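Computed from a predicted model, the values in this text were never measured in an experiment.
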Amino acid sequence: MNERIIGIMGAIPQEINGVVNLLSNKQEYKIGRRSYFTGELNNQKVVVVYSRVGKVAAATTVSTLILEFKITELIFTGVAGGIHKDVRIGDIVLGQSMVQHDMNAQPLFPAYEIPMLSKAFFEADDSQIQIATTAILELLEEQHLHHVISDMDLNKFNIHTPQLHIGLIGSGDLFFSTNSQKEKLQQNLPAILCVEMEGAAVAQVCYEFDIPFIIIRTISDDADDHSTIDFNSFIEKISNVYSIEIIKNIIK
């Protein structure tokens, strides 16, 4: 049986730097213009890396984690734009299913289906979802995040009682910044909770290599005309802390 090694990914440095700082016995390896950090977190072997933004960058990075570092499971953490009306800034979305909302090879293949895989939706493993759900709910129910993020920062983004949502996440090489983009996607895929730019590509690679995965997203904006307001501040003050605390709680 393979040794358990957990890969931890984010798209940008701010999403994983806090996790890198937690590692013991840390070593850095440079492959393909990326820095991969190996080490231990709570006595568990991990490899931490940021992929850069977009589906190709993410797929390249997770492939390296699987082939070079022999990870046996993957956690992807970062931010997303809220799509569903019940999803608010500061909420956490756990990807039960992932779809590439910009994949469309019609009429050769159905919309969203990955050509020659006969698959459009990539499902997370139920046991991984349960582990992540338990870890996240512990943080939310005990209001732990309120102890590690200042009231001033939480109030700035109107975060008071963040909720966990589990369901469909859409990925595409497109930053949502207009109401019309959001409305069109809601019409085409009404079940989507949020959008981002890497998760479904990561899920596809993990599916092809039989690697269990968890995609965890903190809602940073409403994917509309106001989606760029204080984006960097949110990542630094809010989502970075979410990522650290959630991953620490998953890897106990």
### Message
Suppose we screen for side-chain contact (heavy atoms from CB on, under 4.5 Å). Which residues come up paired with Gln106, at least two apart in sequence or across chains?
### Response
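For Gln106 the side-chain contact (heavy atoms from CB on, under 4.5 Å) partners, ignoring immediate neighbours, are Asn104, Ala111.
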### Task
Just jot down the side-chain contact (heavy atoms from CB on, under 4.5 Å) partners of Lys70, sequence neighbours excluded, or say none.
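Partners of Lys70 under the side-chain contact (heavy atoms from CB on, under 4.5 Å) test: none.
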### Task
Could you pull out all residues at least two apart from Val56 that satisfy side-chain contact (heavy atoms from CB on, under 4.5 Å)?
Thr60
### Message
Applying salt bridge (charged side-chain N to carboxylate O under 4.0 Å, His left out), can you list everything that pairs with Lys237, at least two apart in sequence or on another chain?
### Response
none
### Verify same cluster id: Ile211, Leu67 (apolar side-chain graph, 4.5 Å)
yes
### Query
Does the distance from a Lys or Arg side-chain N to an Asp or Glu carboxylate O, for Lys30 and Glu28, drop under 4.0 Å?
yes
### Task
Working to the nearest 0.5 Å, report the span between CZ of Arg4 and CD of Gln44.
4.5 Å
Only distances under 3.5 Å count here; give the side-chain donor-acceptor pairs of residues 191-199 to other protein atoms, sequence neighbours excluded, each with its distance to 0.1 Å.
from	atom 1	to	atom 2	distance (Å)
Glu196	OE1	Ser171	OG	2.5
Glu196	OE1	Glu198	N	3.1
Glu196	OE1	Gly199	N	3.1
Glu196	OE2	Gly199	N	3.0
Glu196	OE2	Arg217	NE	3.0
Glu196	OE2	Arg217	NH2	3.0
Glu198	OE1	Arg217	NH2	2.9
Glu198	OE2	Gly54	N	3.0

### Task
For Tyr242, check ring-ring contact (aromatic ring centres under 6.0 Å, His included) against everything at least two apart and list the hits.
none
### Task
Report the residues that fulfil ring-ring contact (aromatic ring centres under 6.0 Å, His included) with Tyr207, sequence neighbours left out, ordered by chain and then residue number.
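In terms of ring-ring contact (aromatic ring centres under 6.0 Å, His included), with neighbours along the sequence ignored, Tyr207 is linked to Phe122.
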### Distance (rounded to the nearest 0.5 Å) between Thr64 OG1 and Ile71 CD1
10.0 Å
#### Entry: Under 3.5 Å: donor-acceptor pair, side chain of Glu15, backbone of Val79
yes
### Task
Could you list the residues that satisfy side-chain contact (heavy atoms from CB on, under 4.5 Å) with Tyr50, not counting sequence neighbours?
Pro13, Ile16, Arg52
### Query
Given a cutoff of under 4.5 Å between side-chain heavy atoms of I, L, V, M, F, W and Y, with clusters grown through shared members, what are the other residues clustered with Met116?
none
### Query
Can you pull the ring pair (Phe, Tyr, Trp, His ring centres under 6.0 Å) pairs that have at least one residue in residues 72-105, sequence neighbours excluded?
His101-Phe176
### Message
Check whether Gln186 reaches the backbone of Ile83 with its side chain - one donor and one acceptor, N or O, closer than 3.5 Å.
### Response
yes
### Query
Which residues satisfy the ring-ring contact (aromatic ring centres under 6.0 Å, His included) test with Tyr36, sequence neighbours excluded?
Phe69
### Task
To the nearest 0.5 Å, tell me how far Ile89 CD1 sits from Asp221 CG.
6.5 Å
### Query
For Glu40, what residues pass the salt bridge (charged side-chain N to carboxylate O under 4.0 Å, His left out) criterion, not counting sequence neighbours?
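Salt bridge (charged side-chain N to carboxylate O under 4.0 Å, His left out) list for Glu40, sorted by chain: empty.
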